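Labels below follow one simple rule: chain letters A, B, ... track the order of the sequence lines, proteins then strands, and each chain is numbered from 1. This is a predicted model, so every value here is computed, not measured.
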Amino acid sequence: MTDPDKSDFVEDALMAFRESSVTEGPSDQLRSLAAEQIRSFSTQESEKSESVFNSRRNFMFRVKWFGVVTGLCASILMAAAWIG
Amino acid sequence: MTDWPQIIATYGGIAWKTARRLLNNDADAADCFQETFVAAFELSRTKTIQNWPDLVTRLATRRALDRLRKRKSDGLVSIGLDEALEPAGRSMPPPAVAEENELFHQLREGLAELPADQAEACCLRFLESLSYEQIADELDVTVNHVGVLLHRAKLSLKNRLAAFAPVSDESEVNR
């Protein structure tokens with residue numbers, strides 16, 4: 001089996017690769033583009049969670065309203081039965 | 001609340017350098033840069049980020065390697081020679097520059113061929129100078145496993161780069 005510790009030329013190559021020059025960056029435009037993208041994700045996320053909250057609230061409101069109406073009907077029926 | 005413009009301003013350079021070196025192409029590096037910060041944003045919603053530089057390095061490395069692999073599988077072989085790099089701070093004769101560019105080309109190809117975890121560990125260790133412990137933290141593996149990943153990665157790269165090995169090393173590779 002080859003001993004990887006002896007394969008120094010691989011590390012040398014990687015070292016040379018690491019030291020190679022890289023184009024200057026990122027540009028200001030790219031930075032602001034990334035920040036804008038995250039802001040839009042974040043806005044979408046909060047709008048989504050707000051809409052989920054609103055739909056749940058509406059559902060609970062309907063359940064509560066249905067309960068009140070049902071209770072009222074039951075009371076009227078009981079009163080009618082008692083009178084009759 | 002995370003100040004994203006500030007995070008991008010502070011760690012953007014790390015992401016850019018990592019992506020640009022591996023991809024050797026400005027357009028791909030720009031895409032990778034944005035993907036890195038979107039991934040960081042998604043991660044930050046589920047957990048508190050303790051170490052931004054390491055996280056950005058890992059995310060940029062992973063995305064750049066994914067892109068490198070995709071380019072290779074799509075048959076876009078121009079992984080390295082389309083935009084030749086000048087060695088930093090050195091003036092070299094054209095044949096040496098060409099040879100070095102070919103070496104970097106083969107390195108990119110070699111990294112694209114490695115299994116994802118080996119390639120990532122190799123880049124984090126040798127290109128980003130992270131310690132074994134930092135790599136273990138980032139990859140969520142044990143320190144010993146990092147050693148195994150690096151060992152295997154170096155063996156594969158050694159075969160890939162055999163043509164560039166000094167004569168004594170080359171004879172060992174061929175054995």
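Residues Trp52(B) and Thr2(B) have side chains in contact (heavy-atom distance under 4.5 Å, counting atoms from C-beta outward). Taking 4.5 Å as the limit, some side-chain heavy atom of Lys154(B) sits within range of a side-chain heavy atom of Glu11(A). Counting heavy atoms from C-beta on, the side chains of Trp4(B) and Arg39(A) never come closer than 4.5 Å. Contact of the Lys47(B) side chain with the Leu43(B) side chain is registered, since non-hydrogen atoms from C-beta on lie closer than 4.5 Å. Using a 4.5 Å heavy-atom cutoff, the side chains of Phe33(B) and Arg20(B) are not in contact.
Most heavy-atom pairs under 4.5 Å with chain B: of the set Ala13(A), Ala35(A), Pro26(A), this distinction falls to Pro26(A). The greatest number of non-hydrogen atom pairs below 4.5 Å with chain A, out of Cys122(B), Ala9(B), Pro5(B), Gly110(B), is found for Ala9(B). In terms of non-hydrogen atom pairs under 4.5 Å with chain B, the most contact-rich of Arg18(A), Gln37(A), Arg31(A), Glu24(A) is Arg18(A). Interface remark: of the candidates Leu107(B), Ile7(B), Leu157(B), Leu111(B), Leu107(B) forms the most heavy-atom pairs closer than 4.5 Å to chain A.
With a 4.5 Å cut-off on non-hydrogen atoms, Phe37(B) touches chain A through its backbone and its side chain both. For Leu161(B), the parts sitting under 4.5 Å from any heavy atom of chain A are the backbone and the side chain alike. For Ser27(A), no part lies under 4.5 angstrom from a heavy atom of chain B. With a 4.5 angstrom heavy-atom cutoff, Arg152(B) does not touch chain A via any of its atoms. For a residue to count as touching a neighbouring chain, one of its non-hydrogen atoms must lie under 4.5 Å from one of that chain's; by this rule Ser129(B) touches chain A with backbone and side chain alike. With a 4.5 angstrom heavy-atom cutoff, Glu36(A) does not touch chain B via any of its atoms.
In this structure a side-chain-to-backbone donor-acceptor pair under 3.5 Å is present from Thr18(B) to Ile14(B).
Around the CD atom of Glu42(B), the shell of radius 6.0 Å holds more than 12 heavy atoms that belong to other residues, nucleotides or ligands.
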